[in-house]
Protein chains: 4
Amino acid sequence: MTIDQLDPTPLWVQLAAIIRDRIKAGDYAPRQPLPSESQMQQEFGIARGTVRRAMRALAEEGWTVTVQGRGSFVAPQESWPKDA
Amino acid sequence: MTIDQLDPTPLWVQLAAIIRDRIKAGDYAPRQPLPSESQMQQEFGIARGTVRRAMRALAEEGWTVTVQGRGSFVAPQESWPKDA
Amino acid sequence: MTIDQLDPTPLWVQLAAIIRDRIKAGDYAPRQPLPSESQMQQEFGIARGTVRRAMRALAEEGWTVTVQGRGSFVAPQESWPKDA
Amino acid sequence: MTIDQLDPTPLWVQLAAIIRDRIKAGDYAPRQPLPSESQMQQEFGIARGTVRRAMRALAEEGWTVTVQGRGSFVAPQESWPKDA
DNA sequence: GTGGTCTAGACCACT
DNA sequence: GTGGTCTAGACCACA
């Protein structure tokens with residue numbers, strides 16, 4: 001899955017969906033670090049602010065935990081949304 | 001085909017699809033100029049910025065080439081996307 | 001109350017607090033429109049993105065309702081946070 | 001005044017003294033931003049950590065106020081040290 | 001006019 | 001190196 005600039009869905013929504021799917025699929029394991037913001041910025045060819053907005057959405061949903069100076073991590077599975 | 005203001009798809013996406021189809025159909029031949037931005041603006045009854053965004057998308061896909069001060073042209077067929 | 005650039009509190013938090021207080025005080029009445037984003041931008045001398053972040057926070061708390069193309073409004077009092 | 005690499009006085013002490021003198025002299029006005037850390041780094045040819053240590057000293061003395069994400073500012077004159 | 005999205009860049013604290 | 005904040009500007013749909 002990838003970002004589609006022609007898709008009217010906001011890019012940050014698309015990115016959040018991609019990362020969410022990877023977490024569900026186990027590509028990113030609980031308590032393990034996610035790629036850094038700048039890595040995602042490069043991988044998907046979008047601005048850092050867009051990456052940050054996607055990450056904030058995931059954190060608010062309970063999928064991830066963000067720590068200043070260290071990075072974002074997959075949340076422990078207990079705190080995942082129940083409709084997952 | 002025409003622009004549908006009630007369709008939630010962004011207008012520039014709709015316009016890009018229309019132009020793309022015309023190129024595929026041969027209505028606009030390779031290396032020939034496309035209608036000017038202001039012509040499209042009138043033909044479809046949309047804002048010039050919308051036209052520009054559609055043209056930019058087509059150029060990024062490889063369908064068109066934009067030359068400052070002269071206009072946009074249908075790209076040589078070799079550079080068209082392969083999934084076309 | 002006003003924005004203090006020397007206060008380490010993020011500007012958007014300061015702005016949200018100001019607007020929240022004005023709503024509580026009745027300066028902005030329920031169902032009435034708030035100043036536009038550009039008006040706040042000028043009144044407080046901050047960037048529009050900062051204004052938007054403050055407005056989003058207030059909307060998430062239930063103080064305001066934002067409608068694209070029309071503006072932000074004070075929410076009906078029933079939906080205000082209970083700890084207010 | 002300038003940094004003297006041969007002076008046994010720590011570089012951050014020297015730098016802090018320079019900035020402190022500029023504030024007293026009015027070269028940097030109250031509530032106005034100081035040069036960024038990277039600017040000082042270049043102007044004086046020293047490491048960024050050295051700049052940060054000097055700035056921290058000035059902030060602790062009450063000469064400056066540092067705000068995350070925004071920069072360092074000259075403190076309001078009321079909060080300056082009295083033995084100045 | 002309004003708010004919504006995205007970009008690019010700067011600067012900071014923290015590890 | 002990481003994430004956190006702020007700025008400035010562009011462009012869009014919407015009303």
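Protein chains get the first letters and strands the later ones, always in sequence-line order, with residue 1 at the start of each. Note that the coordinates shown come from a computational prediction; the quantities given were computed from them, not determined experimentally.
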By nearest atom, which of the nucleotides dT5(E), dT2(F), dT5(F) is closest to the Pro10(A) side chain?
dT5(E)
Does a sphere of radius 6.0 Å around CD in Gln42(A) hold more than 12 heavy atoms from other residues, nucleotides or ligands, not counting ones at 6.0 Å or beyond?
no
Do Thr64(C) and Ser72(C) meet the criterion of a side-chain donor-acceptor pair at a distance under 3.5 Å?
no
Take the protein atom CZ of Arg52(A) and the nucleotide atom P of dT7(E), then report the distance between them rounded to whole Å.
15 Å
Which nucleotide in dG4(E), dG4(F), dT2(F) has an atom nearest any side-chain atom of Thr66(C):
dG4(E)
With DNA chain E as reference, determine whether Ser36(C) or Ser72(D) sits nearer its 5' end, using the nearest nucleotide of each.
Ser36(C)
State whether the side chain of Trp63(D) and the backbone N or O of Ile23(D) hold a donor-acceptor pair below 3.5 Å, judged by distance alone.
no
Report yes or no: does Gln39(A) contribute a side-chain atom to a donor-acceptor pair with the main-chain N or O of Ser36(A) at less than 3.5 Å?
yes
Of Gly49(A) and Arg70(C), the one whose nearest nucleotide on DNA chain E sits closer to the 5' end is Arg70(C)
In whole angstroms, how far is the C1' atom of dC11(E) from the CZ atom of Phe73(D)?
10 Å
Rounded to the Å, how far apart are Arg56(A) CZ and dC6(F) P?
13 Å
Mind calculating the distance between CG (Leu34(A)) and P (dT2(F)) to the nearest angstrom?
13 Å
Atom CD of Gln5(C) and atom C1' of dC6(F): how far apart are they, to the nearest Å?
9 Å
Could you check how far CD of Glu37(A) sits from P of dT5(F), rounded to whole Å?
11 Å
How many whole angstroms separate atom CD of Gln14(C) from atom P of dT5(F)?
13 Å
Can you tell which of dG3(F), dT2(E), dT5(E) lies closest to the side chain of Gln68(A)?
dG3(F)
Taking only the side-chain nitrogens and oxygens of Thr50(C), find out if one of them lies under 4.0 Å from OP1 or OP2 of dT7(F).
yes
Separation of Arg48(A) atom CZ from dG1(F) atom P, in whole Å?
14 Å
How would you label the contact of Arg53(C) with the nucleic acid (heavy atoms, under 4.0 Å): base, sugar-phosphate, or nothing?
sugar-phosphate
Is there a Watson-Crick or G-U wobble partner for dC11(F) with both distances under 3.5 Å, and which nucleotide is it?
dG4(E)
For Asp7(C) and Gln14(C), run side-chain contact (heavy atoms from CB on, under 4.5 Å): C-alpha distance rounded to whole Å, both residues' side-chain angles, the deciding distance at 0.1 Å, then the answer.
CA-CA 9 Å; Asp7(C) 187 333; Gln14(C) 296 185 47; 3.6 Å; yes
